[in-house]
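Encoded as structure tokens, the structure appears first; notes follow it.
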Amino acid sequence: MNFLASAIQFHPQLGKMEDNIQRLEAAVEQAASSGARLIVTPELATSGYMYKERKNILPFSDTIPGETTDRFHRLCVKWNSYLVLGMPEYDKETGLLYNSAVLIGPEGYIGKYRKTHLWEAEAHWATPGNLGFPVFYTEIGKIAINICMDAVYMESSRIPALNGADILAFPTNSSAQTISMLQGWATLNGMYVVSSNRADEEEGFQMAGASAIWSPYGEKLVEANTSLDGGNEEIIYAVIDPAHYLNPNKERLLRRRPDIYKSLMLHIGPWNYRKSLHPAEVGIHCLSGPVQGELKSLSDFFAYWAAQVAPLREKDKYKGVESLFVLPALSATGFVSHLPYEELVLLSQRFAVEWLPEYQIYAKTLEANLVVSAPECADGNVYLSAWIINSSGEIEHVHRSTHLREEERQWATQGDDLITVPIKGLGRVGVIFEEEGYYPEVTTSYGIQRADVVALLAGEQSDEEYAPLIKDAFHANGKDRKTLKAVWENLAMSIQAYIAFAAWEKSDGTSTTAVYAIDPYYEKEKTAAARNGTASKKVTTLRNEAWYNQQQWIVSRRVEHYYPLISEGHALAPALSPQEEDDMMA
């Protein structure tokens, strides 16, 4: 049965715990009396956020369960509602403090989550969470919790999704970046996300507002006002339909391949001799293929791409930068799903013998780095493959798609390797196909290998997802945003590598080809959308001076909690009882 969920955009005051709780009780009562069965409050809603050290926040913390949870339990009983409450937790056994969120229902205390990935502000007083990412069974669905900075790490929402979570509650104090990630995680994990943020300023830190509820398809169901709209407190509501707990995005989880995700458990930092040591200036060009059927032969495809690449390379030479040209999936042959197997094998062999050398010669002639794709016949199998050819005409790497779309599974075998390669003048480069992009384990593996650029190749029937739907004022791209995909933007930001997305043109001549920027929110770096079939962007890799970059992401990952991602048929308990929590902490 459908039910209402609500997010309370609430502004707690530092050092005024009793006043905060009283105002929260009134807001929770208002939401519950309006019919909300699930209610989510911001991060540290009972205390406020910007405390300098442990002694400052200690007087405003409480045990879980404790007096604070008891007070809100009375409201949950009265209105038969479930509440996710952000609060500082005092652990009486160890004396440690945690940035926590508690789930309370009509039956009382259900469970708690301790923030795993701390932002610098609370790291001066809080201990990183030690409970993992539990999922709690309730009569309205299976509920998990992340808090603020957790959104930067795909593992935080992915593990609850693997354990069957239907809803992710997200208390936060975000200034835009973490809430911008939620649309993508809702889509990639196939679950509702209920996000509660603040829109006020505290100790010089401005929260963004824009509390929101997202569907399992990445649709924005409702969004609150922002700090730019005046920063008001408010309560937002949206209908959650349990019929959508099962959906194609969640079903994709069944096709995961834990056997190839082992690098997720590596923690290569802070030292890594393989990473790029110096920033590189690179001209990235993603080319759109013509509408299928316009090109008939392998020579037609070669001539088409050669005509597109040459003038762009000349411009980059004039600017004194290296070039990387990314072509769509099956760029050298066109789509092949309709071909009989014997013709497919002959086509792949002809490409390898006659035309791959031509692409190598062309790359060397232009001094251009090139990613080209075709079926590959090897080891008695046919693969959906892509070749990285360097500016000297040498093949640096052949990537075989590790996850395949339904039409691709009819003719191709899955590859097994996720590898980035160092290329002179570019840095480390990886290649993935579109279906692989829907498995954040893949791109995260590349991020761990210090990818500077990831080429993302789209094939036939490219999926249509929502564009980034967070409020316009926070996003650098303005009118171009409608041609972008929220999931690809997510991946670029999460691993801090440029995503070079090349797609075929649609029947109306439009294209979603783009070069995705690393940070279109804080640094306001523009994503390059397609113009006349090409998306071009001059980038500088590494960003060593940025407050958040790939190095910071690498060293702050909490790999001890990520085991479910690489365990085949893992059996995590979907919900933790208070006794089980105590046992884990002991």
Side-chain angles (χ1 to χ4, degrees), residues 248-249 251-257 259-260 287-302 304-305 326-359 370-389 395 397-419 430-439 441-443 454-464 501-507 512-513:
N249 290 337
E251 290 171 5
R252 189 178 259 119
L253 296 174
L254 299 174
R255 297 194 292 275
R256 293 176 68 255
R257 298 187 58 195
D259 57 306
I260 64 170
L287 278 58
S288 301
V291 175
Q292 284 294 298
E294 293 184 9
L295 305 178
K296 304 296 184 181
S297 67
L298 296 181
S299 61
D300 287 345
F301 283 105
F302 179 82
Y304 176 84
W305 298 120
V326 180
L327 314 183
L330 299 174
S331 52
T333 61
F335 301 154
V336 299
S337 297
H338 63 288
L339 294 178
Y341 183 76
E342 293 79 7
E343 289 187 33
L344 178 62
V345 171
L346 288 174
L347 181 69
S348 66
Q349 292 173 340
R350 187 179 171 207
F351 167 77
V353 173
E354 298 179 24
W355 287 99
L356 181 57
E358 292 294 326
Y359 283 95
L370 183 66
V371 178
V372 63
S373 171
E376 179 197 13
C377 189
D379 306 322
N381 297 309
V382 178
Y383 299 96
L384 172 58
S385 296
W387 287 257
I388 304 177
I389 305 172
I395 295 173
H397 179 59
V398 183
H399 174 69
R400 298 166 176 169
S401 185
T402 60
H403 297 74
L404 299 170
R405 301 170 64 88
E406 182 177 356
E407 63 271 15
E408 295 161 353
R409 291 196 294 272
Q410 296 172 12
W411 59 268
T413 298
Q414 294 183 137
D416 293 321
D417 292 327
L418 298 172
I419 296 172
V431 178
I432 61 175
F433 289 89
E434 183 173 25
E435 183 63 16
E436 294 176 285
Y438 291 104
Y439 296 82
E441 295 90 343
V442 173
T443 47
V454 176
L456 173 53
L457 317 185
E460 60 183 309
Q461 299 179 8
S462 181
D463 282 346
E464 296 288 341
F501 177 64
W504 295 90
E505 288 183 357
K506 302 177 184 178
S507 58
T512 56
T513 291

Kindly indicate, with the supporting measurements, whether the criterion ring pair (Phe, Tyr, Trp, His ring centres under 6.0 Å) is fulfilled by F335 and W504.
CA-CA 10 Å; F335 301 154; W504 295 90; 5.4 Å; yes

Run the numbers on E354 and L298 for side chain to side chain contact (heavy atoms under 4.5 Å, CB included), then give the verdict.
CA-CA 9 Å; E354 298 179 24; L298 296 181; 6.0 Å; no

Between E435 and R405 (side chain of the first, backbone of the second, donor and acceptor by atom type, cut-off under 3.5 Å), is there such a pair?
no

Does a donor on one side chain sit under 3.5 Å from an acceptor on the other, for S462 and E434?
yes

Begin with the C-alpha distance, continue with both residues' side-chain angles, and end with the deciding distance and a verdict on side chain to side chain contact (heavy atoms under 4.5 Å, CB included) for D416 and R257.
CA-CA 9 Å; D416 293 321; R257 298 187 58 195; 2.6 Å; yes

Look up atom CG in L344 and atom OG in S337, then write down how far apart they are to the nearest 0.5 Å.
9.0 Å

With side chains defined as the heavy atoms from C-beta onward, is the minimum distance between E376 and V398 less than 4.5 Å?
yes

With the side chain counted from C-beta on, respond yes when I395 and L356 share a heavy-atom pair under 4.5 Å apart, and no when they do not.
yes

Pair S299-W355, side chain to side chain contact (heavy atoms under 4.5 Å, CB included): steps then yes or no
CA-CA 8 Å; S299 61; W355 287 99; 3.5 Å; yes

Is there side-chain contact between K506 and T512, with heavy atoms separated by less than 4.5 Å?
yes

Locate the shortest heavy-atom distance separating S385 from R400; write the atom from each residue and the value.
OG-CG, 3.4 Å

Main chain of G415, side chain of T402: is a donor-acceptor contact present, judged purely on distance under 3.5 Å?
no

S507 and V291 have their tightest heavy-atom pair at CA-CG2, 4.2 Å

Quick check: do H338 and E460 have side-chain heavy atoms less than 4.5 Å from each other?
no

Between S331 and S373 (side chain of the first, backbone of the second, donor and acceptor by atom type, cut-off under 3.5 Å), is there such a pair?
yes

Any side-chain heavy-atom pair of L330 and L384 under 4.5 Å:
yes

Separation between CG of L404 and CH2 of W411, rounded to the nearest 0.5 Å:
7.5 Å

To the nearest 0.5 Å, what is the distance between OH (Y341) and CG (L346)?
10.5 Å

Scan side-chain atoms only and decide if E436 and H399 contain a donor-acceptor pair under the 3.5 Å cut-off.
yes

Does the ring center of W387 lie less than 6.0 Å from the ring center of Y359?
no

Y383 versus C377: any side-chain heavy-atom pair under 4.5 Å?
no

Say you draw a straight line from CG of L287 to CD of E505; how long is it, rounded to the nearest 0.5 Å?
10.5 Å

